[in-house]
There are 2 protein chains.
Amino acid sequence: MAKDVLYLKIAKIITEQIQSETLQFGDRLPSLRSAQKLYNVSLNTIKLAYMELESRSLVESRPKFGYFVSQTSKRKLALPSVIKIKESGLEKPPQDLIDKVFGTISHPDLTQFALGIPGKSFLPLAKLKKSMLNVVKNKNDSGTNLEPAQGNENLRREMAKWALVLEGKITEDDLVITSGAMNAIYHCLMAVTKPGDSVAVESPVYFGILQAIHLLGLKAVEIPTHPIYGIDLNSLKKVLPKISACCFVTNFNNPLGFQMPDENKKELVKLITEYNIPLIEDDLYGNLYFGTERPKPCKFYDEADLVMWVGSVSKTLAPGYRVGWVAPGQFKDKIIRQKLVQTVCSPSFYSDVITDFLEHGRYDHHLRMFRNKLYSNYLQIQKAVANYFPDNTKVSEPKGGFMLWLELDKRICTEDLYDEAFSKKISFAPGRMFSQHNQYTNCMRLNYALEWTDRVESDLEKLGKMIKNSI
Amino acid sequence: MAKDVLYLKIAKIITEQIQSETLQFGDRLPSLRSAQKLYNVSLNTIKLAYMELESRSLVESRPKFGYFVSQTSKRKLALPSVIKIKESGLEKPPQDLIDKVFGTISHPDLTQFALGIPGKSFLPLAKLKKSMLNVVKNKNDSGTNLEPAQGNENLRREMAKWALVLEGKITEDDLVITSGAMNAIYHCLMAVTKPGDSVAVESPVYFGILQAIHLLGLKAVEIPTHPIYGIDLNSLKKVLPKISACCFVTNFNNPLGFQMPDENKKELVKLITEYNIPLIEDDLYGNLYFGTERPKPCKFYDEADLVMWVGSVSKTLAPGYRVGWVAPGQFKDKIIRQKLVQTVCSPSFYSDVITDFLEHGRYDHHLRMFRNKLYSNYLQIQKAVANYFPDNTKVSEPKGGFMLWLELDKRICTEDLYDEAFSKKISFAPGRMFSQHNQYTNCMRLNYALEWTDRVESDLEKLGKMIKNSI
């Protein structure tokens, strides 16, 4: 029993360090080997100690990366509230604000918390270039041939292989290649609605989805959404008889970060099946999980072929490639026809590059590194917000992806704050961008997929000060 | 005067050879140097003789390629008729037929007169590959950066330079890059109409335009169209008060081949300006002229910024690149926004490749070769049709591009003929594909941008026999 006592003793020491904040939220524990030397015990004893801490939710392990203080039991800041959605009579589409924020995308010297794309240092640029060269060398037609309207067959095959999470439920024949996930969503909406129809969305909602809905002459119905559980199914149930489609980001939601629990996904699929309402499931963040395995999409539970499962490489590999896809279930033929009429086909090059990258087994390795970096950044930004922002700041608890959602004091207008921050070369996405009802005006979304430099840290400190000063 | 007499003598000999059909329509005259030896005269005398023949419209010169028998004064076959358009009550969209014909695109051993794309041997594959390699080498971001929604700035600059025909009326700022010309047309239609609106189109009309119109919930109004002069302006005038847009292929029309005369273009622009109706001008064949210079588009005469000028490299360089553009006049901002919502931006690679190709001055050289080959093929196919098809065959007289339109005996159903031809590995586009009113059932479109082999020649002979046998 000496050994048992020993590992519990070490666990107790570390627990006290965490409680006294000697070890803080997000800190990395010493490596197993360092700790072994530090405590002068066997490697196994240290392992047992760390596992004990993990079982108490005090630390989290990241495979190949180490153990981090997670301290969920002593979370300092509250979760954002689920708000009552304003009536649709009060529409104020946030186009002006979106234009303003994205007008600064190419601004050179800005700390970009506003964008929904990962920073350069997260992307495998050198390996992508290798794949580009491979493709050019092997392209006898110099790219002049038309692709099938459904999309590059090799890419579809690789993507179907990669959809392990569906446990073999789709093949290359079930997929359609699109120009990124937004293009897939646009095609899905177009396939299952006609102008004037209504579409249920989360609230807060990714503004790109709102824009697509409005462009097609549709109405968005915002549904209250919980920062941990996702869409409120009771609220959804009430509007189901009046809508033509649902469009949700079910895993590592943008902007809320939640991973909809499996039971909720099952229940959602049951509901849409009952009402025969198609669900556009935007699952483009699904591979960026912090947990131990990729979460299932609703598509996994879909027996009626009503779920249109959307993905892309824009968030994980290459935003500029515009390579996305959809498994559109029963609406496949309609979507292929739409694509044929609108663009004839996709250009082949980046489809080939992604195929080459996947065929060389580079995606798995890249994703593992990427997830570890993202999780580390997530812990950093949580800690920074807890340290620098006012105590009444409410903050989301993303289970993956790279978006943090903050709800500030009611007196704060993040649109005004945006101007102030911008003058100090800091950019973020103000909350009003994420609703059509002039809501979330005291909220903001922060992208944490950026290289974590001293400047990033100090910019968050500055942002915190601005907020404190404006109350 | 001895010299004068000599060149007229030679001209007389050749004229007699043409009249006796020793030299036939489409034949190439001996080169200047060969003829000099043949007739044992000076080079200048031969030049004068050929110019004399040209002035009598018996031959046509193709710079750097030689002189060809054109014999327009003795044209054997009549022009296709301008038909009265059936009432819109009788709609029968040709989707079934389009699917059938294009379902065979990748059929290996087919002589493809059906496609609207040039054969491989017409495309500068090696030089495109050079540009591809250049682009990969210089791409520091490995293509991961997002492009501006308006499109690659370098490509827009090159395209604006290339739009010499507009005499400086557009700059890179006036252009939006799209995923091919069809995508540009789709965006233009979307920008200036709402579901239920009507759009005027030529009849026969390129089926892609009909499909886009129907996909957007619009109605197509087919206007009678002359095989030499294009759209009938009087008929158009009558419907102008009832339509929301016009969509015409003004130069080397698909399928009729006409180049709308300048006076008609001016009159058309005057009409649409008077009624304030946008004109989508699909000018993607404009650089493939048989004459001495590139024809002006309507855009050149457009003072009100109502003409949306569409182009692409799909017909001249690389169908698979899906690189097109539009100068959308007053609708530019709307189109950029639509593109942003639907696809975020275009992928950069093929835009860069085309830019590199243009920057190296390769386009001009390529187009000159391409036009010469096309003209030579045009003469070949005219001759083949005159030789092998029944005498009552009516045939268009394209002034550029690579489409020939045939009107056969009223008793011929080209849809039935298609099946018979297909069984003999010959494909063409049956006329019904080019109208929504179950018309042109005795017509067909032939693509002549294919390598002119003995098999092509003998397949046209076979096709002629099938037609003769089915009357």
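Every chain is numbered from 1 and lettered A, B, ... according to where its sequence line falls, protein lines coming before strand lines.
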Contact origin within A/Leu215 toward chain B - heavy atom pairs under 4.5 Å: both

Donor + acceptor pair across side chains of B/Ser348, A/Tyr350 (<3.5 Å): yes

Reported CG-to-CG distance for the pair A/Leu123 and B/Asn145, which is rounded to 0.5 angstrom: 9.0 Å

Best-contacting candidate, A/Arg337, A/Met190, A/Met182, against chain B by heavy atom pairs under 4.5 angstrom: A/Arg337

Region of A/Ser346 that comes under 4.5 Å of a non-hydrogen atom in chain B: backbone

Shortest non-hydrogen contact from B/Pro195 toward A/Pro195: CG-CG, 3.7 Å

Distance (rounded to the nearest 0.5 Å) between B/Gln342 CD and A/Gln342 CD: 6.0 Å

Over all atoms of both residues, closest heavy-atom pair of B/Leu125 and A/Asp141: CD2-O, 3.5 Å

Most chain A-contacting option - heavy-atom pairs closer than 4.5 Å, from B/Ala318, B/Gly143, B/Gly180, B/Gly208: B/Gly143

Which atom of B/Lys129 lies closest to which atom of A/Val136, heavy atoms considered: CE-O, 2.9 Å

Among the listed options B/Leu340, B/Val341, B/Ile209, B/Ile117, the residue most often paired with chain A at heavy-atom distances under 4.5 Å: B/Val341

Atom pair NZ (B/Lys339) and CG (A/Asn183), whose distance is rounded to the nearest 0.5 Å: 11.5 Å

Minimum heavy-atom distance between B/Thr144 and A/Pro319, given as atom pair plus value: O-CD, 3.5 Å

Residue part contacting chain B, namely of A/Leu317, when any heavy atom lies under 4.5 Å: backbone

Segment of A/Lys120 engaging chain B (4.5 angstrom heavy-atom cut-off): side chain

A/Glu147 portion near chain B, given a 4.5 angstrom heavy-atom threshold: neither

Winner by heavy-atom pair count (cut-off under 4.5 Å) against chain A, out of B/Arg322, B/Lys194, B/Gln338: B/Arg322

Spacing of CE belonging to A/Met132 relative to NZ belonging to B/Lys137, to within rounding of 0.5 Å: 12.5 Å

Under 4.5 Å from any heavy atom of chain B - which part of A/Asp99: side chain

Options A/Val323, A/Leu146, A/Val353, ranked by heavy-atom pairs under 4.5 Å with chain B, top entry: A/Leu146

Shortest non-hydrogen contact between B/Pro347 and A/Pro347, atoms and distance: CG-CG, 3.9 Å

